[in-house]
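Presented below is the structure to which this report refers.
Source: prediction; values computed, not measured. All heavy atoms count here, side chains included; hydrogens, waters and symmetry mates do not. Naming: A, B, ... by sequence-line order, numbering from 1 per chain.
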Amino acid sequence: MVRCRFAPSPTGNLHVGGVRTALFNWLFAKNQNGSFVLRIEDTDTERSEKRFEDQILSSMKWCGLNWSEGPDIGGEYGPYRQSERVALGFYDKYAQELVERGQAYYAVYKKSNQEEVLRTSTETPDISGDEVCTIKFRIPKGKTEFSDLSKGEMSFENENFSDFIIIKSNGFPTYNFAVVVDDHMMDITHVFRGEDHLTNTPRQIMIYRALDWEPPTFMHIPLILGSDRAPLSKRHGHTSVDHFREEGYLSVGLMNYLALLGWTVDQEIFDYHEKIKDFIPSDISNKGVVFDYEKLEWINGKHLRLLDPEELIIQFGLWLKFTGRFDYYASIESDQFYSREVLTMCREKINTLEQLFDFSAPFFSDELDYQEDYVLKYLRSNWSKDLISAAIRRFEDSFDWSVEGVEKTVRELADEKITSKKNTFQTLRGGVTGRLVTPGLFETISVLGRDKVLERLENLLEMIEYEERNLSD
RNA sequence: GGCCCCAUAGGAUAACGGCUAGUCCACCGGAUUCUCAGUCCGAAGGUCGGGGUUCGAUUCCCCGUGGGGCUGCCA
């Protein structure tokens with residue numbers, strides 16, 4: 001039975017590197033019909049915060065990376081929070097065992113100088129009030145070897161390592177110790193993690209050996225880098241999953257991009273749930289990969305255009321609520337049929353839900369925000385009044401509001417040659433939307449419908465006349 | 001400093017040791033057209049350097065160079 005885990009530390013939001021690691025663990029677990037476990041590594045008492053844990057879990061759920069055991073749902077290998085495992089004495093027990101086997105020892109320091117070890121012992125030392133005590137692992141002689149699914153055969157001379165702390169002076173285990181104890185106790189069979197852990201692995205394997213435990217299979221995944229090839233961080237741009245969610249990326253799009261980063265598949269656009277059967281760890285590139293915001297956006301746009309119209313409304317609605325735009329959400333909900341028409345039309349030209357929000361705004365609000373360029377270039381022209389008046393007359397007489405019908409009306413209007421064809425189109429476009437960049441004009445007018453179009457054009461006419469009066473005064 | 005990982009166009013990748021080094025994003029040009037986008041067609045751009053093995057090296061080996069990681073009572 002294959003068991004994989006994702007073990008984030010709750011010291012910040014879930015970032016794209018983390019999800020990618022989680023994704024590969026998840027894919028492998030599913031591919032092998034195994035389990036995917038979530039464990040919280042909160043042994044850093046200074047930086048760990050519950051709110052980060054909550055955020056990580058929520059981000060994971062949004063990504064669709066469901067776990068079968070975890071801190072929120074428990075499981076037979078629990079608890080799944082290292083702080084709770086400390087309380088149960090798991091780490092102490094095995095640290096003691098290492099001391100008894102002569103493979104670890106106590107080290108006493110002065111509180112004021114924690115650089116210098118005062119004395120060591122194999123018995124619990126008596127310490128005075130100004131001293132603290134840790135347990136350190138003794139590096140054995142020889143060499144440590146293991147086979148990494150990505151990097152191949154790895155070999156390290158143990159003499160290159162020095163004894164390291166496994167139990168801190170506050171009684172908590174250090175990462176390198178806790179991870180071994182937990183992965184062993186939880187029967188983890190495969191560990192896929194970031195490449196930054198590659199040289200921690202021999203240390204961990206030494207502990208496995210010292211305790212007569214069998215290490216899991218390791219695979220170290222290359223890091224995600226920024227444009228300067230340094231590991232991706234805030235200074236390269238946004239990195240947290242929540243950010244991409246807020247920006248209007250679909251989780252299926254974000255996951256698609258992350259999966260594609262370093263992994264070649266025949267079909268580039270996919271839902272990762274469909275790729276479970278194709279997941280082979282060795283197919284993943286062993287090279288650091290630069291995060292490409294542009295390709296992510298392109299992929300997201302593809303997914304947005306692939307969604308069923310109903311699903312598009314659902315996703316858009318969820319996003320509006322997530323970002324607190326409840327009024328907008330209410331207007332989407334109030335007329336499903338209309339919303340569907342508008343959104344499927346608008347999505348042809350945008351890549352994110354945020355862009356969809358902006359692009360569709362003129363269709364859901366009657367308070368048009370006329371772009372300055374439009375006012376200057378088209379409204380304040382000597383033909384705008386005549387053109388709008390003529391348009392109103394034609395639309396009043398028109399009973400065919402299909403896209404084809406609207407096209408006929410508009411083309412006939414242009415044929416009157418009140419102004420150029422382009423000016424005619426752009427003036428109408430801005431007149432019904434306030435903007436110069438919109439979906440196709442015929443579709444736009446058709447979808448808005450007779451009432452809105454006439455109302456907007458008449459308002460526009462009033463605006464023009466109002467401006468004229470003001471100018472002549 | 002020590003140990004370790006990595007190296008194909010700007011980014012991501014493909015190529016049993018064997019065709020003119022293929023594809024996607026971005027970029028550039030063209031077509032379609034009412035704006036923008038999309039779509040279609042086309043162009044430009046690459047095997048880090050030096051040795052070696054071989055009939056033949058992107059591929060295997062060594063050395064350099066460059067980037068990255070670990071070397072924490074962070075994970």
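Put simply, the residue from A/Tyr272, A/Phe279, A/Phe6, A/Phe36 that forms a ring-ring contact (aromatic ring centres under 6.0 Å, His included) with A/Phe24 is A/Phe279. A/Leu448 pairs in a side chain to side chain contact (heavy atoms under 4.5 Å, CB included) with only one of the listed residues (A/Val342, A/Val453, A/Val406, A/Leu454), which is A/Val453.
Under the 30°/60° scheme for interplanar angles, the aromatic rings of A/Phe244 and A/Phe291 are found to be tilted.
Position along RNA chain B of the nearest nucleotide to A/Lys421 versus A/Tyr175 favours A/Lys421 as the more 5'-ward residue. For the pair A/Arg20 and A/Cys133, nearest-nucleotide mapping onto RNA chain B gives the more 5' position to A/Arg20.
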Item to complete: Taking Watson-Crick and G-U wobble pairs with both distances under 3.5 Å, convert RNA chain B into its dot-bracket string, 5' to 3', dots for unpaired and | for cross-strand pairs.
Response: (((((((..((((....[...))))..(((((.....))))).....(((((..]....))))))))))))....

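Salt bridge annotation for A/Lys141-A/Glu159: absent, with no cationic side-chain nitrogen under 4.0 angstrom from a carboxylate oxygen.
A/Val410 comes within 4.0 angstrom of nothing in the nucleic acid, heavy atoms only. A/Lys302 comes within 4.0 angstrom of the backbone, heavy atoms only, and of no base.
When the P atom is compared between B/C62 and B/A7, the two are found 14 Å apart, to the nearest whole Å. Straight-line distance between the C1' atoms of B/G22 and B/U58: roughly 13 Å, to the nearest whole Å. On the P atoms, B/U65 is 37 Å away from B/C27, given to the nearest whole Å. Here, B/C60 and B/A14 have their P atoms 13 Å apart, quoted to the whole Å. Of the P atoms belonging to B/C70 and B/G29, the separation is 44 Å, rounded to the nearest Å.
Residues from residues 160-171 of chain A placing a heavy atom under 4.0 Å of any atom in RNA chain B, listed by number, are A/Asn160, A/Ile165, A/Lys168, A/Ser169. Contacts between residues 105-117 of chain A and RNA chain B, defined by a heavy-atom separation under 4.0 Å, are made by A/Tyr109, A/Gln114. Within residues 191-208 of chain A, the residues approached by RNA chain B to less than 4.0 Å at the level of any non-hydrogen atom are A/Glu195, A/Asp196, A/His197, A/Leu198, A/Thr199, A/Asn200, A/Arg203, in residue-number order.
For the pair A/Ile350 CD1 and B/G38 P, the interatomic distance rounds to 11 Å; values are reported in whole Å. One can place CZ of A/Arg47 at 5 Å from C1' of B/C74, the figure rounded to the nearest angstrom. For the pair A/Leu232 CG and B/G69 P, the computed distance is 13 Å after rounding to whole Å.
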Give me the distances for all protein-to-nucleotides 8-12 of chain B N/O pairs that come in under 3.5 Å?
unit_1	atom_1	unit_2	atom_2	d
B/U8	OP2	A/Lys287	NZ	2.2
B/A12	OP1	A/Arg229	NH2	3.4
B/A12	OP1	A/Val290	N	3.1

Fill in: Intermediate values then yes/no, side-chain contact (heavy atoms from CB on, under 4.5 Å), A/Gln204 and A/Tyr175
CA-CA 10 Å; A/Gln204 294 167 16; A/Tyr175 164 74; 3.5 Å; yes

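Identified under the salt bridge (charged side-chain N to carboxylate O under 4.0 Å, His left out) test for residues 164-182 of chain A, with sequence neighbours left out: A/Arg39-A/Asp182, A/Arg85-A/Asp182.
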